[in-house]
> 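One structure follows; several queries about it will come next.
Throughout, residue positions are numbered sequentially from 1 according to the sequence presented. As the structure lists them, so they are numbered: ligands from 1, and atoms in each ligand from 1.
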Amino acid sequence: MEKVQMNSTHEERIKQATEAVREQAKTIDSTYRLGYHLMAPSGWINDPNGLIFYKGEYHAFYQHHPYDATHGPMHWGHAKSRDLIHWEHLPVALAPGNAFDTSGCFSGSAVEGDDMLTLIYTGHNVTDSGSDEFFQNQNIARSKDGLVFEKATENPVIPQQPEGTTQDFRDPKVWKHGDKWYMVVGSTEKEGRRGQVLLYASSNLSNWVYLGVLAHSDGTEGYMWECPDFFELDGKHILLISPQGIEAEGERYLNHHQTGFLIGDFDYETLTYTRGTFTELDFGHDFYAVQTFKDEKGRRIAFGWMDMWESPMPTQAHGWSGAFTLPRELSMSNQGRLLMNPVEEVAQLRKEEVPLDIEAVQDEEVLLPLAGEMIELELSLKTGTTTECGVKLRCSEDGGEETVLSFHAKEDKLVLDRSRSGKGVSGIRTGLVEASESLDLRIFVDRSSVEVFVNGGETVLTSRIYPSEGSTGVKLFSRGGDVQLSSIRGYRLKDTWSE
Ligand code: FRU
């Protein structure tokens, strides 16, 4: 389908994009379509945007290219849910093509202001595609019904980046503190090419005052900090960032870009942020551009983009690509560690428990009676004398395909190996776990994804996999000794899109 010309109205562009997505959805190849994760009906998606609980419903927006399964002029796709589990697709919310967002409506956030759902997003404007010259600004769009969005006449609300920063000026995240609005924006310091986060304030969402740099890279933490998010959690101030350009270091930072957090303290009077070191939030192959929001129960809920720039995406040939992770609740442990666990509503996905009567694995491999493309497995292991133990997921009968999650007892690390996970993908990722005799795993498998929550959310690994439909086996294994199972539970999960 042809893209709309710049002289059309926003309403016309929205209509055309929404129709294109619906039309393409009819011919999509559903082989790897996820059963219980949020995806667009068709086309490309990347970052979660505008997450908000608004008038009794959860709204999720996402970076979206409605006309193709590759990244292109960014729109905002839109879906809503009453329970974070069952999603309803809505018309495309934002289409680029106004004077201030000629080439894309890039990432941003949502707030409720003046009884309206207000989106704050980056206008991306390419000035010379040959030399990658562009400018970025911040804009708002409002909706009375949470469905149809009108770009504000006062756009751009922040026309350009502050002095001393580069053209990279994007991904506004807005929140209210007291009677003021605050905004963090991702940026690069011109002089040292360091990633940084800028802070702004406003009394009305339209007029913004630049307050300064909230935090910046120490020189090893990347040249551009994308998708910042800043919030208080149990008395601490967490800054989430997605830095570009952190160098790989052994088994760390192997993805094209990283997503992680800083834990610190912020003083709204002096606007100073004292912070700890950068830590990855998820150690899998496919987790980026996480965004959070606070819901009506006071929970801090996060969704990540369950893919990664430069990752192989075999579903592009099928007419779609990109998905959200499961909704995850962030909390702080008593020891001051940031934990990430699936929200409790995820238990609604359980369609049937499969009895798993097994107490130990003794230097062997055991096939569980829990075959399926969509399953949850919850287990507590006493690692005993074993040197290596774990779970093999999405195994084929002939042993040719499997995704291996193995705990290496001596090094206290958990390795997710997708060398034999099916189409396109490869490579291992490693998560460190606290030294202990026992290990708790909660594993979610969907048609083309694996999410592993370790020891109550201290470590998380998320990766896309593309096994054959028939590769549905699950095995436990141990090497060099015995593993005791203090508990094990398996469930078949619902396809929320069709059941
Ligand atoms: C992060 C990102 C953002 C940008 C958006 C464009 O994945 O690069 O910085 O706003 O994607 O789609």
> Answer yes if the side chains of Asp145 and Ser143 hold a donor-acceptor pair under 3.5 Å, and no otherwise.
yes
> Donor-acceptor pair, distance only, cut-off 3.5 Å: does the side chain of Glu232 make one with the backbone of Asp265?
no
> Identify, for atom 9 (O) of ligand 1, the protein heavy atom at the shortest distance, and state residue, atom and that distance.
Asp171 OD2, 2.7 Å
> The test is salt bridge (charged side-chain N to carboxylate O under 4.0 Å, His left out); show your working for Asp101 and Lys151 and say whether it passes.
CA-CA 10 Å; Asp101 57 18; Lys151 295 180 183 175; 2.8 Å; yes
> Using a 4.0 Å cut-off to any heavy atom of Tyr288, which atoms of ligand 1 qualify?
1 (C), 7 (O)
> Tell me which one of Arg464, Arg394, His37 satisfies side-chain hydrogen bond (donor to acceptor under 3.5 Å, both in side chains) with Ser448.
Arg464
> Could you tell me whether ligand 1 has any atom less than 4.0 Å away from a heavy atom of His71?
yes
> Between Asp295 and Tyr58, do the side chains contain an N or O donor and an N or O acceptor separated by less than 3.5 Å?
yes
> Any heavy atom of Asp47 closer to ligand 1 than 4.0 angstrom?
yes
> Under 4.0 Å from a heavy atom of Met74: which atoms of ligand 1 are those, numbered in the order shown and with their elements?
12 (O)
> Tell me: protein heavy atom nearest atom 8 (O) of ligand 1, and distance?
Glu226 OE2, 2.8 Å
> Would you confirm whether Asn341, through its side chain, and Gly457, through its main-chain N or O, come within 3.5 Å as a donor-acceptor pair?
yes
> Does NZ in Lys55 sit with more than 12 non-hydrogen atoms of other residues, nucleotides or ligands closer than 6.0 Å?
yes
> Using a 3.5 Å distance criterion without hydrogens, assess whether the side chain of His75 forms a donor-acceptor pair with backbone atoms of Pro96.
no
> Show me which atoms of ligand 1 lie under 4.0 Å from any heavy atom of Ser107.
5 (C), 10 (O)
> Test of understanding: given a 4.0 Å heavy-atom threshold, classify the contact between Asn46 and ligand 1 as side chain, backbone, both, or neither.
side chain
> Need the ligand 1 atom indices (1-based, order shown) with element for anything under 4.0 Å from a heavy-atom of Phe106.
4 (C), 6 (C), 10 (O)
> Look at atom 12 (O) of ligand 1 and say which protein heavy atom is nearest, naming residue and atom and giving the distance to 0.1 Å.
Gln63 OE1, 2.7 Å
> Check whether any N or O atom of Trp305, backbone or side chain, sits under 3.5 Å from an N or O atom of ligand 1, and answer yes or no.
no
